[in-house]
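The block underneath contains the structure these notes are about, expressed in structure tokens.
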Amino acid sequence: QVQLVESGGGLVQAGGSLRLSCAASGRTSSIYATGWFRQAPGKEREFVVGIRWSGYSTYYADSVKGRFTISKDNAKNTVYLQMNSLKPEDTAAYYCALRTRWGLTPDADEYDYWGQGTQVTVSS
């Protein structure tokens, strides 16, 4: 089992920045990849970005390329999402997810563990 705890959400004005953190605990040796997803009210969960736990391969959604950056600290079992140039349409609950099988995918159904989510609200 792996447990995830997200933090760092909040309220920010458009154009501002936030950094989210996702700390993993438990059987972290089983992790293959980590992903960030988001879900706005009334909308489906949307893939934001993913990264391999070993190595640095990444996969960004087009909507966040050039604005968001994923990084990780394996020694701390923590993944970060740096969000710059935030827009009101980035407002959502952001979720960290882990995948234990091979492959870096935007499909939420392919992730095995999920955090509780952290709210990001961008005001115009």
Side-chain angles (χ1 to χ4, degrees):
Q1 289 286 338
V2 180
Q3 295 77 42
L4 302 171
V5 177
E6 299 112 328
S7 60
L11 173 64
V12 64
Q13 289 188 334
S17 299
L18 281 174
R19 189 175 82 153
L20 306 183
S21 299
C22 173
S25 61
R27 197 181 170 196
T28 57
S29 60
S30 66
I31 300 170
Y32 180 86
T34 304
W36 284 96
F37 293 78
R38 64 187 181 186
Q39 188 166 20
K43 294 188 176 181
E44 292 186 356
R45 190 163 293 190
E46 174 189 22
F47 173 78
V48 176
V49 60
I51 188 168
R52 279 189 58 183
W53 195 252
S54 298
Y56 297 93
S57 296
T58 57
Y59 182 0
Y60 287 86
D62 289 342
S63 58
V64 305
K65 280 181 181 177
R67 299 189 300 122
F68 291 11
T69 302
I70 191 170
S71 62
K72 60 186 175 70
D73 185 336
N74 289 93
K76 296 182 178 179
N77 291 326
T78 300
V79 176
Y80 304 97
L81 181 63
Q82 178 66 42
M83 304 185 295
N84 298 328
S85 303
L86 282 162
K87 305 175 181 179
E89 50 263 44
D90 294 317
T91 295
Y94 282 71
Y95 298 88
C96 175
L98 298 181
R99 176 175 167 81
T100 59
R101 292 157 286 165
W102 183 89
L104 186 55
T105 172
D107 187 347
D109 291 337
E110 295 294 320
Y111 286 77
D112 305 294
Y113 300 98
W114 291 82
Q116 81 288 355
T118 184
Q119 180 66 36
V120 171
T121 303
V122 184
S123 63
S124 57

query = Tracing side-chain links under 4.5 Å among I, L, V, M, F, W and Y, which residues wind up in one group with Y60?
reply = V2, L4, V12, L18, L20, I31, W36, V48, V49, I51, W53, V64, F68, I70, V79, L81, M83, L86, Y94, L98, Y113, V120, V122
Got a second to check how far [X]'s [atom1] is from [Y]'s [atom2], nearest 0.5 Å?
| X | Y | atom1 | atom2 | answer |
| --- | --- | --- | --- | --- |
| K65 | S63 | NZ | OG | 9.5 Å |
| K72 | S21 | NZ | OG | 15.0 Å |
| C22 | E6 | SG | CD | 5.5 Å |
| Y80 | T69 | OH | OG1 | 14.5 Å |
| N77 | Q3 | CG | CD | 11.5 Å |
| S123 | Q13 | OG | CD | 5.0 Å |

[X] side chain to [Y] main-chain N or O, any donor-acceptor pair under 3.5 Å?
| X | Y | value |
| --- | --- | --- |
| R99 | R101 | yes |
| Q82 | R19 | no |
| T78 | K76 | yes |
| T91 | T121 | no |
| E44 | Q39 | no |
| R45 | R38 | no |

query = Do S7 and T118 come close enough that some side-chain heavy atom pair is under 4.5 Å?
reply = no
Distance-only polar pair, side chains of D112 and T100, donor-acceptor under 3.5 Å = yes
Which residues share a salt bridge (Lys or Arg N to Asp or Glu O under 4.0 Å) with K43, sequence neighbours left out = none
request  = For S85 and S17, work out which heavy atoms get closest and say how close.
outcome  = N-OG, 4.4 Å
key: Over all atoms of both residues, closest heavy-atom pair of P88 and S124   = CG-CB, 3.8 Å
Shared hydrophobic cluster, L104 / Y95 (ILVMFWY, side-chain heavy atoms < 4.5 Å) = yes
key: Step-by-step ring pair (Phe, Tyr, Trp, His ring centres under 6.0 Å) determination, F47 to F37   = CA-CA 4 Å; F47 173 78; F37 293 78; 5.5 Å; yes
